[in-house]
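Chain identifiers are assigned alphabetically (A, B, ...) following the order of the sequence lines, protein sequences preceding nucleic acid strands; residue numbering begins at 1 within each chain.
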There are 4 protein chains.
Amino acid sequence: MAGVNKVILIGNLGADPEVKHLEGDKVVANLRLATTEAYKDRNGNRVENTEWHDLELWDGQAKVAEQYLRKGSQIYVEGKIKSDSWQDDQGNNRKKIRIRVLSFTMLGSRNSGQDEGMSGMGNSQNSMGRSSNNPVTSGPGVDNEEDASDDLPF
Amino acid sequence: MAGVNKVILIGNLGADPEVKHLEGDKVVANLRLATTEAYKDRNGNRVENTEWHDLELWDGQAKVAEQYLRKGSQIYVEGKIKSDSWQDDQGNNRKKIRIRVLSFTMLGSRNSGQDEGMSGMGNSQNSMGRSSNNPVTSGPGVDNEEDASDDLPF
Amino acid sequence: MAGVNKVILIGNLGADPEVKHLEGDKVVANLRLATTEAYKDRNGNRVENTEWHDLELWDGQAKVAEQYLRKGSQIYVEGKIKSDSWQDDQGNNRKKIRIRVLSFTMLGSRNSGQDEGMSGMGNSQNSMGRSSNNPVTSGPGVDNEEDASDDLPF
Amino acid sequence: MAGVNKVILIGNLGADPEVKHLEGDKVVANLRLATTEAYKDRNGNRVENTEWHDLELWDGQAKVAEQYLRKGSQIYVEGKIKSDSWQDDQGNNRKKIRIRVLSFTMLGSRNSGQDEGMSGMGNSQNSMGRSSNNPVTSGPGVDNEEDASDDLPF
DNA sequence: TTTT
DNA sequence: TTTT
């Protein structure tokens with residue numbers, strides 16, 4: 001007990017968010033996030049290693065993700081490891097691990113084409129992008145068991 | 001913008017919490033926390049280095065701290081760096097940094113003397129201590145700007 | 001790229017470490033770690049939720065784990081998420097996620113002499129008195145790709 | 001003991017790095033990093049709060065910072081809190097807290113060619129195009145006591 | 001001023 | 001399947 005289960009990730013989305021609107025106003029978004037680390041092997045060659053993570057967001061966070069995140073988006077994520085267990089059709093016990101996202105923040109976004117309207121000046125953290133001036137974060141402290149942040153945080 | 005400011009500490013309290021009950025039900029607790037790291041210097045000698053941190057807790061967390069933490073308590077802390085600026089009496093600009101605690105958890109507690117009544121069996125994480133079966137944590141997600149957890153979390 | 005993949009856990013071991021000594025002085029230890037969170041449900045009842053994590057430690061860290069960790073040990077862990085993929089005997093693609101431990105620290109302590117009577121069952125935090133006074137940590141900064149800390153860190 | 005002292009920051013540099021080359025090949029870089037959080041106050045108005053941090057990097061990391069970081073650069077930082085104490089000229093005991101950086105990663109990217117026109121003022125996240133495609137990281141695991149990564153990590 |  |  002008295003446990004801590006915390007995950008911190010920075011990476012890019014491999015695809016647009018998959019969002020499901022459930023009964024009772026519940027919304028869940030699933031994201032695929034790639035975290036890539038680069039290092040030099042013993043021969044001095046640069047090696048890249050990518051890990052793919054399954055992220056799960058609920059309600060307010062899911063809506064924000066749906067609206068602002070796209071394939072390629074770079075985000076900072078805080079969450080916890082959560083495993084789901086079930087039996088597959090062959091009767092084997094299966095387990096799948098997901099990252100339950102507690103908060104996330106958009107980072108310097110990619111300069112996709114749809115951002116024509118941006119002036120590009122000013123102190124936006126992202127040099128362009130619709131999302132630029134709307135950093136998307138649930139802030140620290142979004143609780144996981146009952147998400148109080150059903151409103152978009154801006 | 002889109003910033004992250006996160007501190008994670010594990011250490012021991014140098015003194016009992018200092019708690020002030022303010023008007024309007026506000027409570028603030030100040031803690032002194034020591035984090036010690038040990039390493040070997042170039043001669044292979046073990047060296048210890050202790051850093052002292054000023055922690056600040058509000059309201060529900062402050063009350064929990066007041067009730068359960070004592071000099072020597074080992075805790076896990078999550079928070080953020082917060083600076084206060086003022087002018088001292090000589091007119092110098094001064095700045096003091098505190099850790100604003102967002103959540104904390106008691107870890108294996110010290111076996112002080114007042115714990116006689118503990119049976120010592122069972123699966124408590126602490127082998128004894130009044131606090132043993134009452135892990136004190138605000139859990140993830142206690143918000144900092146307006147603390148919703150004014151109740152003791154157990 | 002520019003990725004971050006970080007896991008921070010505090011929990012207790014569900015079993016003694018499983019250690020394998022491989023060819024070429026390589027050592028790997030596998031640990032089962034439980035992180036428990038407690039919260040109140042909507043009815044105000046206290047609920048506990050335990051997540052089990054598969055930890056993997058190599059070389060120096062594995063040796064330290066073998067020597068000092070036991071079922072019930074409470075540890076702080078820093079690591080990263082790592083997935084292994086393979087095909088099972090039915091030809092299904094399978095994936096298993098492990099936490100590659102980069103550093104860990106034993107928690108809880110001062111369980112001086114009074115532990116002799118320990119039955120060894122249950123998840124007491126220190127199943128062995130000896131470990132109490134020997135906090136085991138690789139310190140911050142143990143690299144994961146090639147572990148430089150093959151020596152016990154004390 | 002068994003302490004943990006960890007800081008995780010994401011923010012933007014308020015100025016170019018200040019780098020000093022010391023005797024014996026030692027290099028130290030000092031950075032000013034702003035972490036901004038936004039939240040809504042009780043009236044629903046968006047409020048921004050910026051915290052400024054003094055970062056200290058040594059040797060290999062300092063060189064990387066000197067070469068790639070500029071005013072406005074957005075970085076992810078991992079480090080620890082470190083206090084320096086001294087007496088000021090009026091005989092007062094003074095203490096200053098710095099973040100000793102253990103690793104950092106440049107964020108934001110893909111700001112390809114369109115940055116040539118940058119005036120350099122304001123806090124755009126990438127004040128230089130060149131840095132954009134060269135995420136600078138020491139990777140996880142750069143040790144703090146004796147930095148082994150004196151080479152640029154790419 | 002803590003802890004080992 | 002992302003990103004550089």
Subject >> Minimum heavy-atom distance A:A38-A:R46, with the two atoms named >> reply: CB-NH2, 3.4 Å
Subject >> Rounded distance (Å) that lies between atom C1' of E:dT2 and atom CG of B:L55 >> reply: 12 Å
Subject >> A:L9 CG to F:dT2 C1', straight-line distance once rounded to whole Å >> reply: 13 Å
Subject >> Passing candidate, side chain to side chain donor-acceptor pair (under 3.5 Å) with B:D54, options B:K96, B:R98, B:K82 >> reply: B:K96
**OP:** Could you tell me the separation between the OH atom of C:Y76 and the P atom of E:dT3, rounded to a whole number of Å?
**Re:** 21 Å
Original post:
Charged N to carboxylate O under 4.0 angstrom, B:E51 versus D:K80?
Top reply: no
Original post:
Rounded to whole angstrom units, what separation is found between the NZ atom of A:K71 and the P atom of F:dT3?
Top reply: 7 Å
Subject >> d(CD, B:E48; P, E:dT3) in whole Å >> reply: 12 Å
Original post:
Atom CE of A:M106 to atom C1' of F:dT2: distance rounded to whole Å?
Top reply: 14 Å
**OP:** Could you check whether B:T50 gets within reach of a base, just the sugar-phosphate, or nothing at all, counting any heavy atom under 4.0 Å?
**Re:** base
Subject >> Nearest-0.5 Å distance, CG of residue C:L107 to CD1 of residue C:I75 >> reply: 8.0 Å
Original post:
Just how far, in rounded Å, is C1' of E:dT2 from CD1 of B:I10?
Top reply: 14 Å
**OP:** Grab the CD-P distance between A:E37 and F:dT3 for me, whole Å please.
**Re:** 19 Å
